[in-house]
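The structure appears right after this line, and notes come after that.
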Amino acid sequence: MSAPSAGDLLALVRAGEAVTRSDLGRLTGLSRTAVVSRVERLVDAGLLRQGDELGSTGGRPAGSLRLDVGAGVVLAVAVGRSRSQVAVCDLAGRELASAATEHDVSEGADGPAEVMAEVRASLAGLLADVDLPVLGVGLSLPGAVDTARGCSLGGPVMRAWDGVPLAPLLAPVTDAPLFVARDAHVLARSERLARPDLADALVVKASTGLGLGVLAHGEVVVGHLDAAGELGHTKVPSAEGRPCRCGDTGCLETVAGGWAMVAALADRGRPTTHVRELVALADAGDPDARQVLRDGGRRLGEALATAVDLLNPAVVVLGGDAAAAFDTFGAGLREPLFARATPLAVRELQLVPAWFGDRAGVVGCAALALDHVLSPASVDARLAARD
């Protein structure tokens with residue numbers, strides 16, 4: 001086994017496991033000379049700050065080390081079915097500037113060229129006042145993605161995006177590497193960024209569609225084909241015979257997805273165009289909107305009970321547009337979840353809203369980029385390129 005590299009040392013500092021050279025030596029078994037040499041390379045590359053550079057350390061010991069969060073930026077692009085959120089973030093994942101644009105990616109509407117042109121324009125505007133190198137871009141899409149090719153695999157609503165590489169569409173703004181993931185997976189990354197000690201959790205994306213991010217032992221589980229968490233198209237008895245946007249019938253989305261709840265409200269004579277409008281009505285006290293959200297939450301809770309039994313999470317996190325009505329939608333979800341799952345699985349289970357609220361997607365995209373560009377392998381490659 002090779003000795004821990006400079007990238008490995010930076011990972012320990014970034015995780016908060018080491019704050020001094022002594023910590024690094026103790027955790028890695030490296031000699032003092034080897035630690036000093038690696039730390040100096042990281043400092044010279046602008047990735048670490050040390051000693052007097054830190055100013056007030058809030059009780060940190062002398063000789064403290066810290067990731068230099070101003071050494072560069074990452075770009076975050078959360079593409080949804082009805083809007084895109086973009087941001088420029090520092091190396092701690094904090095937003096320095098952000099914007100959002102509305103669009104429609106339904107069949108026959110806005111395709112990747114149109115949407116990504118809007119994204120480019122937004123990012124160019126945000127970067128105009130940023131004089132730092134862009135190290136990477138994290139981008140999320142609804143549904144299945146091909147992470148190697150950086151494209152959508154053609155979900156039921158985004159067929160026009162199927163197989164279209166997205167990196168070339170961002171090239172006029174940046175040539176930094178692009179990392180693509182499904183939206184529910186980046187939500188899980190946002191929760192891990194907010195709470196590094198969060199080990200086992202289910203992170204629900206409840207918006208127009210439904211998705212599930214899984215944290216196990218602190219790692220995001222993406223599955224063999226990056227398709228883990230395809231919750232919305234799981235077959236459930238309550239949806240039997242109901243046609244889904246995917247072309248099949250009986251999917252959970254048909255009774256708990258945002259589009260289905262909007263349709264349910266329309267059946268009550270209350271037409272709306274998006275789940276966000278439904279949530280706004282519920283927040284204003286509309287009884288029909290509240291009932292529709294509660295019913296959708298119940299159907300989701302019924303399906304989640306099995307996942308809770310199988311994975312035994314400590315926390316179920318509710319994110320997405322429907323989560324903005326947490327008191328209503330979450331209450332509907334809680335009842336069948338805690339009633340149907342085994343007593344041991346829910347004995348200490350917490351149900352909480354997403355830490356970053358409706359910013360969770362864009363924060364998760366930043367975390368996706370950071371996990372790649374600050375990985376030991378990427379850091380070591382960057383240092384080697386400087387030598």
Side-chain angles (χ1 to χ4, degrees), residues 46 68-105 109-143 145-152 158 160-161 163-187 189-190 193 205 207 319-321 356-375 378 382:
D68 187 347
V69 299
V73 297
V74 294
L75 307 183
V77 181
V79 177
R81 291 176 172 88
S82 62
R83 67 173 174 175
S84 291
Q85 296 172 296
V86 301
V88 178
C89 301
D90 67 16
L91 299 191
R94 295 186 296 247
E95 293 183 41
L96 303 178
S98 63
T101 58
E102 301 291 324
H103 56 239
D104 179 6
V105 298
D110 297 331
E114 294 82 5
V115 172
M116 296 306 289
E118 295 175 352
V119 166
R120 284 198 308 271
S122 295
L123 289 174
L126 298 180
L127 287 169
D129 297 322
V130 176
D131 188 24
L132 292 170
V134 177
L135 302 187
V137 184
L139 185 149
S140 69
L141 295 169
V145 300
D146 184 329
T147 57
R149 294 166 58 205
C151 64
S152 170
M158 300 180 69
W161 294 63
V164 178
L166 299 179
L169 298 179
L170 287 176
V173 175
T174 178
D175 59 359
L178 173 68
F179 310 100
V180 178
R182 65 164 53 206
D183 53 4
H185 294 173
V186 302
L187 248 65
R189 290 180 185 273
S190 75
L193 185 69
K205 172 72 180 291
S207 289
D321 292 324
F356 292 104
D358 79 340
R359 306 302 298 166
V362 75
V363 172
C365 288
L368 169 68
L370 290 171
D371 285 344
H372 283 281
V373 301
L374 294 180
S375 70
S378 294
R382 184 176 176 184

Among all residues two or more places apart in sequence or in another chain, which pass the side-chain contact (heavy atoms from CB on, under 4.5 Å) test with [X]?
X	value
Ala366	Val74, Ala76, Cys89
Val134	Val73, Leu75, Leu127, Thr174, Ala176
Asp371	Arg14, Arg189, Arg192

For a quick test of reading the model, state the closest non-hydrogen atom pair linking [X] to [Y] and the distance between them.
X	Y	answer
Ser84	Val115	OG-CG1, 3.8 Å
Val86	Leu123	CB-CD2, 3.9 Å
Ser190	Leu187	OG-O, 2.7 Å
Val373	Gly136	CG1-CA, 4.0 Å

Side-chain donor or acceptor of [X] paired with backbone N/O of [Y] under 3.5 Å:
X	Y	answer
His103	Gly80	yes
Ser122	Glu118	yes
Ser378	His372	yes

Please name all residues satisfying salt bridge (charged side-chain N to carboxylate O under 4.0 Å, His left out) with [X], sequence neighbours left out, ordered by chain then number.
X	answer
Arg120	none
Asp146	Arg149
Glu114	none

Does any non-hydrogen side-chain atom of [Y] lie less than 4.5 Å from one of [X]?
X	Y	value
Leu166	Leu141	yes
Ser98	Val362	no
Ser140	Leu368	no
Leu139	Met116	yes
Arg382	Leu135	yes
Val173	Val137	no

### Task
Begin from the C-alpha positions of Asp321 and Arg83 and carry the test salt bridge (charged side-chain N to carboxylate O under 4.0 Å, His left out) through to its verdict.
CA-CA 12 Å; Asp321 292 324; Arg83 67 173 174 175; 3.8 Å; yes

#### Entry: Worked verdict on Cys365 versus Val77 for side chain to side chain contact (heavy atoms under 4.5 Å, CB included)
CA-CA 6 Å; Cys365 288; Val77 181; 5.8 Å; no

### Query
How far does CG of Leu169 sit from CG of Leu178, to the nearest 0.5 angstrom?
10.0 Å

#### Entry: Spacing of CG belonging to Asp183 relative to CZ belonging to Arg81, to within rounding of 0.5 Å
7.0 Å

